[in-house]
Number of protein chains: 2
Amino acid sequence: MRTETHTTGRPRAFDEETVLDRAAEVFWRHGYEGASLSALTSAMGINRPSLYATFGSKELLFRRAFTRYHETKVANARAALEQPTAYAAIEAFLRSSADALTTGDHPPGCLSIQGGLACSPENAHISETLAAGRAATETALEERLSRAAKEGDLPDGMDARALARFVMTLSEGHAVHAAAGASREDLQASVDIALRAVTVPH
Amino acid sequence: MRTETHTTGRPRAFDEETVLDRAAEVFWRHGYEGASLSALTSAMGINRPSLYATFGSKELLFRRAFTRYHETKVANARAALEQPTAYAAIEAFLRSSADALTTGDHPPGCLSIQGGLACSPENAHISETLAAGRAATETALEERLSRAAKEGDLPDGMDARALARFVMTLSEGHAVHAAAGASREDLQASVDIALRAVTVPH
DNA sequence: CGTGATTTGTACCGAGCGGTAGAGTGAACG
DNA sequence: CGTTCACTCTACCGCTCGGTACAAATCACG
């Protein structure tokens, strides 16, 4: 029943990570509460008992899917922070985010937001989990920019934490826009403007 | 049954706009799908048949509540656009939005986003309605900034539409942050940075 | 004060929800 | 080649959902 390696018996007819990705898409498009078990199982290509034997519950399935999402998609955006300068890191972060929000490989927007900004009271910790994921990304940004501040790599008087929040905010707003159908070019034009705020006035 | 003035009969025991505001709060906090009829009726202080006699359905109730929200809360932010310069209009828009997103008078964040970014397929037009509301605000911003462009009131080479999108995006991102508990000061510090993008470099 | 119109409260409807029981199925091992 | 064991499938569970029927309650008006 658990994910331990089993000894014998009938082998599983599906790949766990594949069906997780399919589940993530459904949550992404319809939100946690809007994703019914019927929609999930049919998208995953498995039936209910298999889902419950493998993942335990709808909520645990969601957490697994979200974790995987975070480790793949979000990690990608975080890699942008390794750029040598603060400006380059911010630009890479915003540009790769804008691209990811509008790629055809998965639903538009961001699972961390569409998954459930507001939930019924009994699912409140779903929104909290998503918020914690976003906060972790913002913290990563802040740490990168704090380092930049020490290196004299930020405009004078610019606070690393506030700048991290600004960048993260913009990216979240882009996710909202993308979910509503904004194009990649629309988002990149908005990034162009945001970057003006980061340049040192001469 | 309709909202026409009735001639006689037992008078209504509640005020329509008051219960609409209560309903809006529930939708705001829990989203359209997360707001159950039981939660709605108990917050509104009326019972189911009264709700249905007055508003027709959950969806129509939501639309009425959202319209009222738009005509009151959102109209407030739009008033900021009447400032004499583009910079002042943008600043007023962002600052008053940040305040509204974090006031204690109603739930944090923005009904246009928390109401339902992602819905189950049968409620898809709820998200579309919300998106249309946000798009209308963005269009208002764009029109104000187009006028500014004609008046030479925008930085050189700045596109009014892209700038409107940038400002709206930031405000939406702030709504996401506010829904997750960000403080007013946090949002205003992000506005400070955003405004740097709008100033003309000297 | 009785009559008609309307709202109110209770109690209920079918449908779909998340979740599960239990028999059937099939690969791996002796 | 038969036993074992995990997985798969159909059919179902209790519950809550959005929505409603119906009768009691309460006003305006003659």
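No hydrogens, no waters, no symmetry mates; every other heavy atom, side chains included, goes into these values. Per chain, numbering begins at 1; letters A, B, ... match sequence-line order.
Rounded to an integer number of Å, the gap from A:N123 CG to C:dC17 P is 15 Å. In this structure, A:L51 atom CG and D:dC7 atom P are separated by 13 Å, rounded to whole Å. Rounded to whole Å, atom P of C:dT7 lies 12 Å from atom CZ of B:F55. One atom, CD1 of A:I126, and another, C1' of C:dG18, lie 13 Å apart when rounded to the nearest Å. Atom-to-atom, CD1 of B:I46 to P of C:dT10 comes out at 14 Å; the value is rounded to the nearest Å.
Using cut-offs of 30° and 60° for the angle between ring planes, the B:F27 and B:Y32 rings count as parallel. In this structure, B:W28 and B:H106 have parallel ring planes: the angle between them is below the 30° cut-off, well short of the 60° mark.
The pair A:R161-B:D186 meets the salt-bridge criterion, with a side-chain N (NZ, NE, NH1 or NH2) lying under 4.0 Å from an Asp/Glu carboxylate O.
Listed for the A:R134 side chain is a donor-acceptor partner under 3.5 Å among the backbone atoms of A:S112. When atom types are taken as modelled, the side chain of B:K58 and the backbone of B:A35 share a donor-acceptor pair closer than 3.5 angstrom. Using a distance-only test at 3.5 Å, with no hydrogens or angles considered, a donor-acceptor pair links the side chain of A:H30 to the main chain of B:C119.
Taking side-chain N and O atoms only, B:S50 has a distance below 4.0 Å to OP1 or OP2 of C:dT8. Dashed line: the shortest gap from a side-chain N or O of A:N47 to OP1 or OP2 of D:dT8 is not under 4.0 Å. Phosphate proximity of C:dT7 to B:R12: present, with a side-chain N or O under 4.0 Å from OP1 or OP2.
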If the sugar-phosphate is the primed atoms plus P, OP1 and OP2 and the base is the rest, what is the B/S/- string for nucleotides 13-21 of chain D, using protein heavy atoms under 4.0 Å? ----SBBBB
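Under 3.5 Å, the side chain of B:R10 and the base of D:dT26 form no donor-acceptor pair of N or O atoms.
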